[in-house]
Novice: 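I'd like to ask you about the structure that follows.
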Amino acid sequence: MSQPDVGATPSTAPIISLVDLRKSFAAHEVLKGISADIPRQSVTSIIGASGSGKSTLLRCINRMEVPTSGRVLLDGEEVGFVTGSRGERLPAPIRVLASQRAEMGMVFQQFNLWPHMTVLQNVMEALLRVRRTPSREARQTAEHFLERVGMQEFANRYPARLSGGQQQRVAIARALAMKPKVMLFDEATSSLDPELTNEVLRTMQSLAEEGMTMIIVTHEMAFAREVSNRVLFLHQGLVEADGPPSEIFDEPASPHLRKFLSTVLFGGVR
Amino acid sequence: MNDLASLLDLSFAWEYRHLLIRGLMVNIQVFAMSAAIAVLLGLVLASAMLRGPGWSRGLTTGFAEFMRNIPEYVLIIWMFIALPFLLTRLTGTRISFGAMPTAVVALGLVFSAYFAETFRAGFQATSPGQTEAAAALGMMPRQITGRILIPQVLLRLAPEMLNVSISLFKTTSILSLIGIQDVMYQASTMSGQLTRPVPIYTGAAIMFVGTIIIASLVVRLITAKLHERMN
């Protein structure tokens, strides 16, 4: 139960540490003890067959799913828990959890833009309500990040008037505007038509090139290979393989990984 | 034939329109105040039904069930006559309630149950992703409810809310029974004095139906505009 020593060397300490993370839904154990460190400015892709637990793992990081046991550390601080006056581990009040979540941007498969707000309002909302940014400044920040994803012209549209790819880019801008320490992508392109996938992948790639720390759950193997520094292959709730893309894709040691790779098609990015 | 024409002569109602309109204003006033109570309380009840602890779910569901099954007239009379009597006995001081506040509270309570049921269905129909996106950005549950869920639920449920509101407005027609000077009170007073029930009660009916049709058209127009943007 020792806290990692983050004070001494903050730049090299992992931004996220997963410690023996487990998650069960009723009797079904989806995650069976996952430990991993995510370094700063790294891009980690999580791959695996459907049902391998990859989305659940990502959702446990910001506590969209509550892990059954184990710990998630964000910058050395345990997500969802606080330390009591006698050093005991206490469930965090929702306010603390909310402020921890604000440090992690999440992009969902279904975009989840709010349909009753314009694109600009979608991006400004959390700045106004969570960060308490004055509205002028929030607007500038929102416009900046919309420009970043190439959506500035659509600031006053409603989400229903946008294509899926455009909606997802707005969702990315909405998460980026909070200036998160890490971005979590949960199958961000899985519900997009193939011709709309690339615009989202390009946006993600440019974020990676800027040094954003990213954890990406994806089915896009070519993208994972090209953009990530590291790939985790999940199999039946455990990390079956963990290494740089060259190792994972070119010299897969695990038979499960070889079988998985033989069933997925390699598509091209761009 | 001539007799029938004079019986139905609506110019008579037109002549006394100011009295009927004065009555209608009272109906609208009671409607507006009790609708405000019903909507706010309905939202609270719906959130308690969906997200509250076990006991609050049971309590609110029971409350809503009771309110949906008690006739409005019985509740109004009970609150207007029985409740002050009971409270006077219990406290030893004379307590009485004004007719207007009693009517507003009673109708607010009854219709909060209908609104609660509507809102509950609406909240359940909202995709969990909407809440998750807000929670992932660090919004607090209250902010999520107020900024993300309620606006969507209100827009989506506009047609059902309009129906409940129409029932509420129609129910305000029983207020004369506790002496509130609404349309029906004015109509019955006039018809008693002028012995011309046909045009007067026809006039009263037209006022109710006309008000509801005009208000419905306005609401439908506004929601159609909003929906157009969202869909």
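Note that these values count all heavy atoms, side chains included, but never hydrogens, waters or copies made by symmetry.
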Novice: With a 4.5 angstrom heavy-atom cut-off, which part of Arg59(A) approaches chain B: side chain, backbone, both or neither?
Specialist: side chain
Novice: I need the residue from Thr118(A), Leu113(A), Val130(A) with the largest number of non-hydrogen atom pairs under 4.5 Å to chain B.
Specialist: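 Max contact count across the listed options: Val130(A).
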Novice: Looking only at heavy atoms, which two atoms of Leu137(B) and Ala175(A) are closest? And how far apart?
Specialist: CD2-CA, 4.1 Å
Novice: Do you know which of Met106(A), Arg174(A), Gln100(A) has the most heavy-atom pairs under 4.5 Å to chain B?
Specialist: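 If we count pairs closer than 4.5 Å to chain B, Arg174(A) comes out on top.
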Novice: Quick one: which of Met64(A), Met178(A), Gln110(A) has the most heavy-atom pairs under 4.5 Å with chain B, could you say?
Specialist: Met64(A)
Novice: Verify, without hydrogens or angle tests, whether His116(A) (side chain) and Arg147(B) (backbone) share a donor-acceptor contact under 3.5 angstrom.
Specialist: yes
Novice: Rounded at 0.5 Å granularity, tell me how far CD1 in Ile148(B) sits from CG in Asn112(A).
Specialist: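 Going from the CD1 atom of Ile148(B) to the CG atom of Asn112(A) covers 11.0 Å.
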Novice: Return yes if some donor-acceptor pair links the side-chain N/O of Gln143(B) with the main-chain N/O of Arg129(A) below 3.5 Å, else return no.
Specialist: yes
Novice: Should the heavy atoms of other residues, nucleotides or ligands under 6.0 Å from CZ of Arg139(A) be counted, would the total exceed 12?
Specialist: no
Novice: Counting heavy atoms not belonging to Arg57(B), are there more than 12 under 6.0 Å from its CZ?
Specialist: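 Enclosed: over 12 neighbouring heavy atoms sit under 6.0 Å from CZ of Arg57(B).
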Novice: Can you tell me which portion of Leu184(A) sits under 4.5 Å from chain B's heavy atoms? Options are side chain, backbone, both or neither.
Specialist: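 Neither part.
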Novice: Which answer fits Arg131(A), side chain, backbone, both or neither, if we ask what part of it has an atom under 4.5 Å from a heavy atom of chain B?
Specialist: neither
Novice: Top residue by heavy-atom pair count (under 4.5 Å) with chain B, among Ala177(A), Gly105(A), Ser99(A), Pro115(A)?
Specialist: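 Highest number of pairs under 4.5 Å: Pro115(A).
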Novice: Decide yes or no on side-chain contact (heavy atoms from CB on, under 4.5 Å) for Ile94(A) and Met140(B), but give the supporting numbers first.
Specialist: CA-CA 7 Å; Ile94(A) 181 73; Met140(B) 296 287 286; 3.8 Å; yes
Novice: Quick one: pull up OG1 in Thr126(B) and CH2 in Trp114(A) and give me the separation to the nearest 0.5 Å.
Specialist: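 If I round to the nearest 0.5 Å, the distance is 14.0 Å.
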Novice: Does any heavy atom of chain B fall under 4.5 Å from the side chain of Glu125(A), the backbone, both, or neither of them?
Specialist: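 Contact with chain B is through the side chain of Glu125(A) alone.
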Novice: For the interface with chain A, which of Gly129(B), Ser127(B), Pro151(B), Pro141(B) has the highest count of heavy-atom pairs at distances below 4.5 Å?
Specialist: Gly129(B)
